[in-house]
*Asks:* 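Okay, handing you the structure first.
We use all heavy atoms of the structure for the numbers below, so side chains are in, but hydrogens, waters and symmetry mates are not.
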Amino acid sequence: MGRSLHVRLDDSSTAALNIIRNDGLSDSEAVRSALRETAARRRARSSIATEVRRLKNDAADRAEMRAIREQMAGLAPEPTD
């Protein structure tokens, strides 16, 4: 077994742990699951932020998106009042 960790939970953390444990997990399993899920979400957000920065600096992509917006505007129906 790896590293051991001791924590004090506040009321909201205790409630969250109870929700996770409803799946039949032990405290340790629930905490490990929550840590893995949180790490996965943070990795995904980081990947999205990296992709946004890359696209922001991609002149060809911006030009393509501009052309698509113009094409879509040309396909839109005329507004009716």
Side-chain angles (χ1 to χ4, degrees):
M1 181 54 67
R3 180 178 171 197
S4 178
L5 182 66
H6 176 82
V7 297
R8 291 189 180 138
L9 303 178
D10 58 16
D11 291 340
S12 65
S13 298
T14 298
L17 178 62
N18 289 335
I19 290 170
I20 299 170
R21 290 202 63 217
N22 281 338
D23 291 337
L25 301 176
S26 69
D27 285 350
S28 292
E29 291 166 333
V31 170
R32 284 192 294 269
S33 175
L35 288 170
R36 285 190 299 270
E37 289 174 15
T38 300
R41 281 194 307 275
R42 288 190 181 184
R43 278 192 300 274
R45 274 189 297 222
S46 177
S47 295
I48 291 169
T50 300
E51 180 71 2
V52 166
R53 282 190 300 274
R54 185 188 69 74
L55 291 173
K56 178 182 170 190
N57 296 319
D58 186 337
D61 183 70
R62 287 196 324 273
E64 181 180 0
M65 293 305 293
R66 191 175 312 109
I68 291 170
R69 280 193 305 274
E70 290 169 1
Q71 291 172 356
M72 296 298 290
L75 297 172
E78 293 295 322
T80 57
D81 292 326

*Asks:* Indicate whether any N or O donor in one side chain lies under 3.5 Å from an N or O acceptor in the other, for Arg53 and Thr50.
*Replies:* yes
*Asks:* Just do the side chain to side chain donor-acceptor pair (under 3.5 Å) check on Thr38 and Arg41 with the steps written out, would you?
*Replies:* CA-CA 5 Å; Thr38 300; Arg41 281 194 307 275; 3.3 Å; yes
*Asks:* Roughly how far apart are Asp58 CG and Lys56 NZ, rounded to 0.5 Å?
*Replies:*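 Going from the CG atom of Asp58 to the NZ atom of Lys56 covers 13.0 Å.
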*Asks:* Can you establish whether the number of heavy atoms outside Arg42 located under 6.0 Å from its atom CZ is more than 12?
*Replies:*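 Atom CZ in Arg42 is not packed in, count stays at 12 or less.
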*Asks:* Indicate, with yes or no, if Leu35 and Leu17 share a hydrophobic cluster defined by side-chain heavy-atom contacts under 4.5 Å among Ile, Leu, Val, Met, Phe, Trp and Tyr.
*Replies:*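 Yes, same cluster.
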*Asks:* How close do Ser26 and Arg21 get, counting heavy atoms only, and between which atoms?
*Replies:* C-NE, 3.6 Å
*Asks:* Can you tell me how far CZ of Arg69 sits from CE of Met72, rounded to the nearest 0.5 angstrom?
*Replies:*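 Atom-to-atom, Met72:CE and Arg69:CZ are 11.5 Å apart.
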*Asks:* Is it true that the side chains of Thr14 and Asp11 contain a donor and an acceptor less than 3.5 Å apart?
*Replies:*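 Side chains of Thr14 and Asp11: no pair found under 3.5 Å.
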*Asks:* Quick check for you: to the nearest 0.5 Å, what is the distance between Leu55 atom CG and Glu64 atom CD?
*Replies:* 10.5 Å
*Asks:* Give a yes or no on whether Asn18 atom CG has more than 12 heavy-atom contacts from other residues, nucleotides or ligands under 6.0 Å away.
*Replies:* yes
*Asks:* In this structure, would Leu9 and Val31 fall into the same cluster of hydrophobic residues linked by side-chain contacts under 4.5 Å?
*Replies:*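 Yes, it is one cluster - the side chains of Leu9 and Val31 are joined through contacts under 4.5 Å.
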*Asks:* Is a side-chain N or O of Ser33 found less than 3.5 angstrom from the main chain of Glu29, in a donor-acceptor match?
*Replies:*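 Side chain of Ser33 to backbone of Glu29, a donor-acceptor pair under 3.5 Å: no, none is there.
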*Asks:* What pair of heavy atoms forms the shortest contact from Val7 to Leu5, and how long is it?
*Replies:* CG1-CG, 4.0 Å
